[in-house]
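Note sheet for the following structure.
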Amino acid sequence: MKVKKAVIPAAGLGTRVLPASKAVPKEMLPIVDKPAIQYIVEEAVASGIEDILIITNRGKSLIEDHFDHAPELEEKLLSSQKQDLYEQVVSLAHLCNIQYVRQKETRGLGHAVWCAKSFVGNEPFAVLYGDDVIISDKPAIGQLMGVYEEYGKSVVGIKSVATELLPSYCTLGVNPVRDNIYDVFDMIEKPLPSEIISNFAILGRCVLTPDIFPLLENTPPSRNGEIQLTDAMRAIAKQGNMMGIEYSGVRYDMGNKLGILQAIVEVGLSHPEVGEGFRNYLRGIAASL
C-alpha cells in the first residue's frame, strides 16, 4: 500500500525561540521568503502525499490562514498586475487537501500523533516533524516512503549525531542492510551517557503503520510528563518491524535559534532572487570577522 497521508505535528510551544514564538508560531518563522512549514508541506506534496493533517494548538491559526485564500491580497495583486506573486499566493490554497486538529493539551509528540488516529484510519502514514526543515534534491520523506514500499515496515529517517548531543535526541540500535538502509532493533529517547547504543538518531521524519496507535494509548508518560513517540516506536523495533534510512539532505532545526540562522543563510545563498547579492554581502561581513 502506498503512503498517501501525512501528519505534521505543529503544536509545540516553541520555548527555545522565545520571545519570537510568543507572537508567531515557530513553524511560521520565515526562511528567506517562505515560512518553515511551507517547506515541509511542499516536501510532502513532492513525495506524492495527497492528504495532510497538521496538529496545532491555541495561537496557531496563522498556519491555517497561510494555506487558505486571502481575497483582499489576491485582488490587490491582480489589480497591480503582479501575476507571478498572485499565482504564488493562490497556489498555497491548492497544494493538497490540508486538515487541522488541535492538541488541546501539550502532552508530547506521541500524544500529538495519537490525535491523528481518526484521520489515518487503517493506512500507513508519514510524519514530518514541524520543527525540522530538510532541504534535499530528493524529498526526504519520499526517501522513507520508498523504503516502506520495499519492506512493508515502519521507517525512521536517521542521521549520525555527535555523542555529546545524543542526550537531547535519541540513540538507535541498528544493523546495516545495504547502502544507507538499516534494520532498527532498539531505541532509547534522551539516553544517559551509559545508555548510548550508537550515534544514529531519528531526525525529523518517519513512516508509521496504524499499529502505532494502540501502543501510544498504552505508553506511560516519560520523566518530563510527556508521551514520547519514540517509546511506542521502540516496541515496533523490538518486534523486528522497523527500518531506518540515512536520508540525503540538510536538516535545519527551526526550534533552535542557531538552526534558524543557518537555514536563512544557506537557503539565502541559493535563492534565485537574492542569492548573488547576499553572497557578496556575506563576503564583506566575513572579511571583517
Side-chain angles (χ1 to χ4, degrees), residues 1-12 27 31 34-55 63 67 92 95-100 109-110 112-113 115-116 119-121 123-161 169-170 172 177 179-182 184 187 200-212 229-230 232-233 236-237 241-255 259 263 267:
M1 181 182 292
K2 287 189 175 293
V3 180
K4 294 295 186 183
K5 293 181 177 180
V7 175
I8 302 176
E27 297 84 6
I31 302 175
K34 292 196 296 191
I37 198 165
Q38 184 176 333
Y39 287 88
I40 298 171
V41 168
E42 289 175 344
E43 176 192 331
V45 172
S47 301
I49 294 295
E50 297 176 356
D51 297 285
I52 294 176
L53 180 70
I54 300 179
I55 312 294
I63 297 174
F67 294 105
L92 291 172
L95 280 171
C96 71
N97 178 33
I98 303 178
Q99 304 175 46
Y100 304 87
L109 180 59
V113 171
C115 291
F119 167 79
V120 167
E123 299 180 37
F125 64 105
V127 180
L128 300 89
Y129 298 10
D131 281 349
D132 293 305
V133 170
I134 300 171
I135 304 297
S136 177
D137 291 336
K138 183 178 180 182
I141 197 62
Q143 297 173 51
L144 274 70
M145 289 161 59
V147 176
Y148 171 80
E149 289 170 13
E150 181 176 354
Y151 291 92
K153 297 180 179 182
S154 294
V155 187
V156 288
I158 64 178
K159 289 281 191 181
S160 183
V161 172
Y169 292 93
C170 68
L172 302 179
V177 175
D179 301 326
N180 57 341
I181 298 174
Y182 298 80
V184 179
M187 61 182 68
F200 277 123
I202 301 169
L203 291 186
R205 301 291 184 268
C206 54
V207 172
L208 299 171
T209 62
D211 300 343
I212 195 71
L229 179 61
T230 311
M233 290 196 293
I236 294 175
N241 291 319
M242 180 160 287
M243 308 294 293
I245 178 170
E246 188 175 10
Y247 59 80
S248 62
V250 180
R251 167 188 172 265
Y252 301 103
D253 182 356
M254 295 301 292
V267 173

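Tyr247 is linked by a ring pair (Phe, Tyr, Trp, His ring centres under 6.0 Å) to nothing, counting only residues two or more places apart in sequence or in another chain. For Tyr129, there are no ring pair (Phe, Tyr, Trp, His ring centres under 6.0 Å) partners at least two apart in sequence or on another chain. Every residue was checked against the salt bridge (Lys or Arg N to Asp or Glu O under 4.0 Å) condition with Lys153, not counting sequence neighbours, and none meets it. Scored by the ring pair (Phe, Tyr, Trp, His ring centres under 6.0 Å) test, Tyr252 finds no partners at all (sequence neighbours excluded).
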Go through it in stages, so that I can follow the logic: the residues are Leu144 and Val3, the test is side chain to side chain contact (heavy atoms under 4.5 Å, CB included), and I'd like the CA-CA distance, side-chain angles, deciding distance and then a yes or no. CA-CA 10 Å; Leu144 274 70; Val3 180; over 6 Å; no
Where do Ile31 and Met254 land on the side chain to side chain contact (heavy atoms under 4.5 Å, CB included) test, with the steps shown first? CA-CA 9 Å; Ile31 302 175; Met254 295 301 292; 3.7 Å; yes
Evaluate side chain to side chain contact (heavy atoms under 4.5 Å, CB included) for Leu95 paired with Phe67, printing each intermediate quantity in order. CA-CA 8 Å; Leu95 280 171; Phe67 294 105; 3.9 Å; yes
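For the atom pair SG (Cys170) and CE (Met233), the distance works out to 7.0 Å, reported to the nearest 0.5 Å. Rounding to the nearest 0.5 Å gives a distance of 9.5 Å between NZ of Lys5 and CG of Asn97. In this structure, the separation between CE on Met242 and OG on Ser154 is 4.5 Å, given to the nearest 0.5 Å. Distance check, rounded to the nearest 0.5 Å: CD1 of Ile54 to CD1 of Ile98 gives 5.0 Å. Rounded to the nearest 0.5 Å, atoms CG (Asn180) and CD1 (Ile158) are 8.5 Å apart. Between Glu27 atom CD and Asp132 atom CG the span is 11.0 Å, to the nearest 0.5 Å.
Residues Arg251 and Ile135 are not in side-chain contact: their nearest non-hydrogen atoms beyond the backbone lie 4.5 Å or more apart. Within the 4.5 Å cutoff, side-chain heavy atoms of Tyr148 are placed close to those of Thr209. Counting heavy atoms from C-beta outward, Val7 and Leu208 have side chains that stay 4.5 Å or more apart. Counting only heavy atoms from C-beta outward, the side chains of Leu53 and Phe125 never approach each other to under 4.5 Å. Taking the side chain as every heavy atom from C-beta outward, Asp131 and Asp253 approach each other to under 4.5 Å. Taking 4.5 Å as the limit, some side-chain heavy atom of Tyr169 sits within range of a side-chain heavy atom of Leu203.
Just one of Val45, Ile134, Leu128, Ile52 meets the side chain to side chain contact (heavy atoms under 4.5 Å, CB included) condition when paired with Ile40; it is Leu128.
Listed here is the closest heavy atom pair of Pro9 and Val113: CG-CG2, 4.5 Å. Nearest heavy atoms, Gln143 versus Lys138: NE2-O, 2.9 Å. The two residues Cys96 and Ile49 come nearest to each other via the heavy atoms CB-O, 4.5 Å. Closest of all the heavy-atom pairs between Tyr100 and Ile63 is OH-O, 3.9 Å. The minimum heavy-atom distance between Ala36 and Val133, with the atom names listed, is O-CG2, 3.6 Å. A pairwise comparison of heavy atoms in Ile141 and Ala44 identifies CG2-CA, 4.2 Å as the closest pair.
Side chain of Ser136 to backbone of Ser248: a donor-acceptor contact under 3.5 angstrom is found. A donor-acceptor pair is defined here as one N or O able to donate and one able to accept, closer than 3.5 Å; no such pair exists between the side chain of Asp179 and the backbone of Ile181.
Donor-acceptor pairing under 3.5 Å is lacking for the side chains of Ser160 and Glu246.
Judged as a side chain to side chain donor-acceptor pair (under 3.5 Å), the pairs with a partner in residues 36-49 (not counting sequence neighbours) are, in order, Lys34-Glu42, Gln38-Glu42, Gln38-His66, Glu43-Arg205. Sequence neighbours left out, the pairs with a member in residues 44-53 that pass salt bridge (charged side-chain N to carboxylate O under 4.0 Å, His left out) are Lys4-Glu50.
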